[in-house]
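Data first, discussion second: the structure below is written as structure tokens.
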Amino acid sequence: MARTVQLRRYHLKPHLVDEFLAWWPALLVPARAEFGFTVESAYLDREAAEFTWAVSAEGSPEEFGRLEQAWMASPERAVVFEGVTGWNDSAEIALVERLV
């Protein structure tokens with residue numbers, strides 16, 4: 001079955017990079033995995049405070065969208081983000097195609 005991949009790029013607040021890096025793999029990644037998402041890769045450009053990651057799920061872009069909507073509205077997501085005041089100044093999020 002085909003997978004849909006979403007690329008997410010965050011422009012983090014430099015003074016919060018380490019706090020974000022402790023939170024992301026400990027809380028966000030496992031919670032999204034329970035919803036059927038797989039983290040494909042993650043990269044940090046520490047100098048620019050830019051964090052880029054790819055997350056995927058089986059199915060079409062429409063199926064990914066439905067899964068994403070369920071995640072966004074879930075009580076599990078609310079728990080993961082409880083107390084989070086905003087680590088990023090901006091974010092870029094798009095569905096992408098795997099080329100290699």
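Leu95 is connected to Val39 through a chain of hydrophobic side-chain contacts under 4.5 Å among Ile, Leu, Val, Met, Phe, Trp and Tyr, so both are in one cluster. There is a path of hydrophobic side-chain contacts, each under 4.5 Å, that joins Phe35 to Trp23. Ile93 is not connected to Met72 by any chain of hydrophobic side-chain contacts under 4.5 Å among Ile, Leu, Val, Met, Phe, Trp and Tyr, and they are in different clusters.
Side-chain contact between Glu63 and Glu58 is absent, with no heavy atoms from C-beta onward closer than 4.5 Å. Annotation: side chain of Leu21 is in contact with side chain of Phe51 (closest heavy-atom distance under 4.5 Å).
Of all heavy-atom pairs spanning Asn88 and Lys13, the tightest one is O-CE, 4.0 Å. Residues Gly86 and Leu16 share a closest heavy-atom pair of O-CD1, 3.8 Å. Summarising the geometry of Thr4 relative to Pro61, their closest heavy-atom pair is OG1-N, 3.2 Å, with the distance given to 0.1 Å. The minimum heavy-atom distance linking Ala57 with Leu67 is given by the pair CB-CD2, 3.6 Å. Shortest non-hydrogen contact noted between Pro30 and Pro25 is CD-O, 3.3 Å.
In this structure a side-chain-to-backbone donor-acceptor pair under 3.5 Å is missing from Thr52 to Tyr43.
Residues that satisfy the side-chain hydrogen bond (donor to acceptor under 3.5 Å, both in side chains) test with Trp53, not counting sequence neighbours, are Tyr10.
In this structure, Leu7 CG and Ser56 OG are separated by 12.0 Å, a value rounded to the nearest 0.5 Å.
Listed by first and then second residue, the salt bridge (charged side-chain N to carboxylate O under 4.0 Å, His left out) pairs involving residues 68-77 are Arg8-Glu68, Arg32-Glu68 (not counting sequence neighbours). The salt bridge (charged side-chain N to carboxylate O under 4.0 Å, His left out) pairs that include a residue from residues 37-50 are Arg3-Glu40, Arg9-Glu50, Asp18-Arg46, Glu40-Arg98, where partners are two or more places apart or lie in different chains.
The distance between the ring centers of Phe64 and Trp71 does not fall below 6.0 angstrom. A centroid separation of 6.0 Å or more is found between the aromatic rings of Trp24 and Trp87.
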Would Leu28 and Phe81 count as a side-chain contact (heavy atoms from CB on, under 4.5 Å) if you check the C-alpha gap in whole Å, the side-chain angles of each, and the deciding distance to 0.1 Å?
CA-CA 8 Å; Leu28 185 68; Phe81 280 86; 3.8 Å; yes
